[in-house]
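Remember, it's 1-based here, ligands and their atoms both numbered in the order they're listed. Numbers for residues simply follow the sequence, beginning at 1. Just so it is clear, the structure is predicted and the values come from calculations on it, not from any experiment.
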Amino acid sequence: MMWLNSARAESFMPTQGTEIAKQVDNLYGFLLVSSFIACVILIGGMVYFVFKYKRRTPTDKTAYISHNTFLEFLWSFIPLMVFLGVFAWGWYIYHEMRSMPKEALEVHVFGKQWAWEAEYKNGFKTVNEIVVPVNKDVKLLLTSNDVIHSFYVPSFRMKQDAVPGRYTALWFNANKLGDFHIFCAEYCGTSHSGMIGTLRVVTQSEYDNYLEMGQEESTLPLAKRGEKLFALKACASCHNVDSPLTKVGPSLFKKFGTKEHVEDLPDVEVDENYVRESILNPNAKIVKGFPKNVMPVFQGQVSEAELSALIEYVKSLK
Ligand code: CUA
């Protein structure tokens with residue numbers, strides 16, 4: 001009865017990340033194949049009759065045919081049974097999708113213009129990344145901070161609106177390890193198409209580590225958090241932090257609080273605002289002797305919270 005086995009379905013559909021995804025594909029495959037068969041019978045029959053009953057001479061007379069009760073019954077009854085079968089099948093899968101498991105791992109997910117924010121029970125927050133353990137019932141509680149978004153994971157064949165002012169939910173049990181796309185499937189403004197995230201399915205122990213690390217991160221002192229970010233954003237490849245030697249960019253060692261000579265402008269004091277500006281818009285005040293347009297512009301790439309962490313880190317380099 002499985003019209004498309006999983007291997008074949010995956011060649012033109014996204015990976016099946018859950019059992020329900022397989023069931024949805026089976027139903028979809030059945031609809032596709034049965035529609036194709038119906039189309040061949042209907043159009044094929046029509047073309048065949050056009051030739052078979054073509055008027056050969058001008059005096060040809062059409063035979064008198066009234067109707068055939070049995071035939072008419074069959075062509076109504078068989079499709080009716082197929083449609084009812086499809087209805088029952090679809091209802092069964094939908095019911096399974098919408099019946100929330102009682103003992104599920106719950107994660108809060110907030111849609112906002114334009115990112116997906118996730119918050120775990122231990123208070124750890126992530127943006128555009130949701131990590132869940134494999135083979136475990138997971139329930140996502142969705143809501144929105146602004147307009148309606150739609151949480152969509154093609155590999156799980158599920159989609160659920162995130163609506164401001166109320167909670168909606170979806171659940172899944174991912175049976176494959178790996179990274180899966182999260183999309184927003186409801187037009188929500190300028191960067192709707194950029195509202196993309198990753199749903200990472202990992203082993204239980206990896207998940208436990210992830211949460212633990214995450215929790216540590218949120219309780220880490222600002223400067224420590226900045227140090228991690230500094231590594232993450234690859235700042236260290238151009239800036240020394242433990243010696244005054246310059247690399248591609250000036251060293252940041254003992255830099256905070258000093259005066260800096262900059263190109264075409266009076267000296268500036270290296271304070272919070274100068275560090276901030278130098279991260280967000282590095283070309284504004286280039287240190288004398290360094291080239292322009294080498295450091296990437298981080299405007300829009302780092303949040304305010306990340307900026308404060310980075311600034312505290314630069315301050316701590318003594
Ligand atoms: Cu959020 Cu589209």
Between Tyr210 and Phe124, is the gap from one ring center to the other below 6.0 Å? yes

Strictly under 6.0 Å, is that where the ring centroids of Phe151 and Trp116 end up? yes

Metal check, atom 1 (Cu) of ligand 1 vs Gln113 N/O/S, cut-off below 2.8 Å: no

What N/O/S atom of Glu186 is the closest to atom 2 (Cu) of ligand 1?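 Nearest N/O/S atom of Glu186: O.
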
In His192, which N, O or S atom comes closest to atom 2 (Cu) of ligand 1? ND1

Are more than 12 heavy atoms, taken from residues, nucleotides or ligands other than Lys254, located less than 6.0 Å from that residue's NZ atom?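 Check fails, neighbour count at 12 or below.
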
Do other residues, nucleotides or ligands put more than 12 heavy atoms under 6.0 Å from Glu72 CD?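 For Glu72, atom CD is crowded (more than 12 foreign heavy atoms under 6.0 Å).
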
Confirm or rule out an N/O/S atom of His149, from backbone or side chain, lying less than 2.8 Å from atom 2 (Cu) of ligand 1. no

Do Trp114 and Ser193 have side-chain heavy atoms sitting under 4.5 Å apart? no

To the nearest 10 degrees, how large is the angle at atom 1 (Cu) of ligand 1 between Cys184 SG and Met195 SD?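 So the angle at the metal works out to 110°.
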
